[in-house]
Amino acid sequence: MSAAQQTRSSWGKLVANHPWLLVGGAVFTVGALFFCLGLFDWLQIGGLDERFQQHARTVQGTVLTKTITSSSGGGTLKRPQSSSPIYYVTYRFSTPEGKEFEGSAGVYSETWHNLAEGGPIHITYLPGEPLTNRVEGQTDLGSAAAGLLMGGLLALGGGALAFWDLRRFARKRRLERPG
């Protein structure tokens with residue numbers, strides 16, 4: 001039997017006898033990926049928030065539409081049918097230079113309820129980059145925090161599961177050794 005065949009057969013035995021090691025490793029890998037993406041988002045959005053705090057201009061825009069979307073991915077709802085609806089507004093605003101822009105954003109439920117289609121809305125944008133805009137007082141750190149939290153929990157859980165099964169494997173191998 002060649003060395004490659006022995007390696008494959010020992011990996012096959014390991015996976016067959018310790019499936020939790022494989023499952024834990026996969027969950028850890030997915031969790032670590034989500035954590036890294038959340039961290040990247042956090043750093044990127046944090047930098048954008050800092051730019052907004054230092055340089056943003058605020059103008060009054062007009063609410064074009066208000067929609068509620070189901071968190072389960074269903075279509076637009078006239079009224080919330082989910083335990084966690086997502087509130088969106090689309091808006092139009094003009095810069096002092098007279099250029100008109102449209103945007104859309106997820107907003108807090110309280111903000112959504114206080115707005116009316118055709119009514120005013122305060123928009124902040126970065127000078128020289130009016131396409132980088134948001135509803136005044138809003139931030140996008142929530143999705144980054146969710147990625148960090150969920151990724152961290154998955155990585156910890158998967159790592160613990162893999163470590164537990166790896167310890168079982170090592171203990172069994174140690175007990176099987178002669179002497």
Side-chain angles (χ1 to χ4, degrees), residues 1-56 67-77 80-90 103-112 124 126 129 131-179:
M1 187 181 284
S2 72
Q5 288 174 328
Q6 283 180 336
T7 303
R8 265 182 273 168
S9 105
S10 63
W11 275 108
K13 286 180 185 176
L14 177 67
V15 170
N17 294 328
H18 300 280
W20 293 113
L21 181 60
L22 182 65
V23 170
V27 171
F28 172 80
T29 303
V30 169
L33 177 66
F34 275 107
F35 183 82
C36 290
L37 290 173
L39 183 61
F40 177 75
D41 275 354
W42 184 274
L43 295 173
Q44 188 176 22
I45 293 167
L48 186 61
D49 280 352
E50 188 174 314
R51 287 178 55 207
F52 265 93
Q53 287 176 357
Q54 293 175 356
H55 305 290
T67 56
I68 303 174
T69 304
S70 167
S71 62
S72 62
T76 302
L77 305 172
Q81 296 176 354
S82 170
S83 61
S84 56
I86 303 170
Y87 300 90
Y88 288 100
V89 294
T90 57
S104 64
V107 295
Y108 303 121
S109 63
E110 183 179 332
T111 303
W112 189 88
T124 57
L126 293 175
E129 299 178 64
L131 292 174
T132 305
N133 60 71
R134 60 170 67 158
V135 175
E136 184 179 44
Q138 301 289 306
T139 183
D140 297 325
L141 284 175
S143 62
L148 281 170
L149 179 65
M150 292 307 295
L153 290 174
L154 283 172
L156 283 172
L161 186 60
F163 181 73
W164 169 76
D165 204 31
L166 191 59
R167 279 187 52 207
R168 262 187 44 208
F169 171 72
R171 182 175 37 236
K172 183 178 178 187
R173 294 280 292 200
R174 194 173 50 244
L175 292 172
E176 289 174 349
R177 274 193 309 209

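The shown structure was predicted, so the numbers you read here are calculated from the model rather than taken from an experiment.
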Can you tell me if T111 uses its side chain to pair, donor with acceptor, with the backbone of V107 under 3.5 Å?
no
I want to check something: taking the side chain as every heavy atom from C-beta on, are L161 and V27 in contact at a cut-off of under 4.5 Å?
no
Min side-chain heavy-atom separation Y88-I68 under 4.5 Å:
no
Identify the two heavy atoms, one from D165 and one from P19, that lie closest to each other, and give their separation to 0.1 Å.
OD2-N, 4.1 Å
Counting heavy atoms not belonging to F34, are there more than 12 under 6.0 Å from its CZ?
no
Above 12 or not: heavy atoms from other molecules or residues under 6.0 Å from CZ of R167?
no
Heavy-atom closest pair (G25 atom, A162 atom, distance to 0.1 Å) is N-CB, 3.8 Å
About how many Å separate CH2 of W112 and OG1 of T67, when rounded to the nearest 0.5 Å?
8.0 Å
May I ask you to check whether over 12 heavy atoms, not counting those of Q54, lie within 6.0 Å of atom CD?
yes
Starting at CG of L166, measure out to CH2 of W164 and round the result to the nearest 0.5 Å.
11.5 Å
With heavy-atom distances below 4.5 Å as the criterion, would you say the side chains of L154 and F28 are in contact?
no
State, with a plain yes or no, whether a side-chain heavy atom of N133 is found less than 4.5 Å away from one of T124.
no
Test item: Y108 and Y87 side chains (from C-beta on) under 4.5 Å apart, heavy atoms
no
I need the M150 CE to F35 CZ distance, nearest 0.5 Å.
13.5 Å
